[in-house]
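What follows is one structure encoded as structure tokens, with my remarks underneath.
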Amino acid sequence: QVQLVESGGGLVQAGGSLRLSCAASGSMASINGMGWYRQAPGKERELVAGVSSSGNTWYADSVKGRFTISRDNAWSTLYLQMNRLKPEDTAQYYCAAGRRGVVVTKRVDYWGQGTQVTVSS
């Protein structure tokens with residue numbers, strides 16, 4: 001099993017930046033992709049960014065050019081650098097890991113508890 005713990009969320013003004021971190025532990029050898037999802041109250045959970053074991057990255061159109069996903073080589077830590085934040089970025093952000101990547105939600109095997117990001121106007 002894999003355990004994921006997010007941190008780094010908080011309150012920030014529009015235009016500001018935050019860096020989210022996800023500490024991973026457990027059987028990470030089988031993980032081929034990690035990523036970040038977010039969910040606002042009453043909204044569907046959506047993939048924000050993902051990275052594969054080969055280094056390929058994917059970003060939602062809404063965050064492309066503003067967010068950057070990265071990880072260390074051992075998958076022990078996943079990051080999401082969020083710049084030029086907008087109020088619509090406000091959501092609970094979840095770290096995700098999958099044996100088959102995380103671009104497809106159905107392939108996500110493990111989830112973190114989430115960290116709140118609130119962007120004020």
Side-chain angles (χ1 to χ4, degrees):
Q1 292 293 101
V2 171
Q3 296 80 46
L4 306 172
V5 180
E6 304 95 334
S7 63
L11 175 64
V12 64
Q13 291 184 316
S17 299
L18 283 175
R19 183 188 291 273
L20 304 183
S21 297
C22 172
S25 61
S27 303
M28 292 297 294
S30 65
I31 298 300
N32 288 314
M34 295 186 73
W36 292 92
Y37 278 75
R38 69 184 181 188
Q39 186 171 29
K43 300 290 185 179
E44 295 292 324
R45 187 171 298 191
E46 63 175 348
L47 178 65
V48 175
V51 59
S52 70
S53 59
S54 62
N56 293 325
T57 58
W58 182 94
Y59 296 93
D61 288 340
S62 60
V63 307
K64 194 171 296 183
R66 299 189 297 120
F67 291 9
T68 302
I69 189 170
S70 62
R71 59 169 177 82
D72 61 16
N73 295 140
W75 298 97
S76 61
T77 310
L78 181 73
Y79 303 95
L80 183 67
Q81 178 64 46
M82 305 184 293
N83 298 324
R84 302 190 302 280
L85 284 161
K86 304 175 180 179
E88 53 261 44
D89 294 319
T90 295
Q92 188 84 350
Y93 284 71
Y94 298 90
C95 181
R99 291 172 287 120
R100 297 160 292 172
V102 295
V103 173
V104 178
T105 307
K106 294 179 181 179
R107 295 180 178 178
V108 175
D109 296 303
Y110 308 100
W111 298 92
Q113 294 297 310
T115 185
Q116 179 68 33
V117 171
T118 302
V119 184
S120 62
S121 300

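Note that the coordinates shown come from a computational prediction; the quantities given were computed from them, not determined experimentally.
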Measuring from T118:OG1 to Q92:CD, what's the distance to the nearest 0.5 Å? 9.0 Å

From Q116 CD over to T90 OG1, what is the distance, rounded to the nearest 0.5 angstrom? 7.0 Å

So does V5 get a backbone contact from the side chain of Q113, meaning a donor-acceptor N/O pair under 3.5 Å? no

If you round to the nearest 0.5 Å, how far is CG of D72 from OG1 of T77? 4.5 Å

Closest approach of Q81 to S17 (non-hydrogen atoms, all atoms of both residues): NE2-CB, 3.9 Å

Which pair of non-hydrogen atoms, one from R107 and one from R100, has the smallest distance, and what is that distance? CD-O, 3.4 Å

Restricting to non-hydrogen atoms, name the atom on Y37 and the atom on V102 that form the minimum distance, rounded to 0.1 Å. OH-O, 2.8 Å

Quick one: does any side-chain atom of R71 pair with a main-chain N or O of G33 as donor and acceptor, under 3.5 Å? no

For residues A14 and S121, report the shortest heavy-atom separation together with the two atoms involved. CB-CA, 4.3 Å

Please check this pair: side chain of E6 against backbone of G114, looking for a donor-acceptor N/O pair closer than 3.5 Å. yes

Can you confirm whether E88 is buried at CD, in the sense that more than 12 heavy atoms of other residues, nucleotides or ligands lie under 6.0 Å from that atom? yes

Minimum heavy-atom distance between D89 and R38, given as atom pair plus value: OD1-NH1, 2.9 Å

What distance do S30 atom OG and Q1 atom CD have between them, rounded to the nearest 0.5 Å? 9.5 Å

Does L18 sit in a hydrophobic cluster with other residues, and if so which ones, taking ILVMFWY side chains as linked at heavy-atom separations under 4.5 Å, directly or through other members? V2, L4, V12, L20, M28, I31, M34, W36, V48, V51, Y59, V63, F67, I69, W75, L78, L80, M82, L85, Y93, Y110, V117, V119

Got a donor-acceptor contact below 3.5 angstrom from the N32 side chain to the S53 backbone? no

Spacing of Y79 atom OH and T68 atom OG1 [to the nearest 0.5 Å]: 14.0 Å

Between A40 and A91, the two heavy atoms sitting closest are N-CB, 3.9 Å

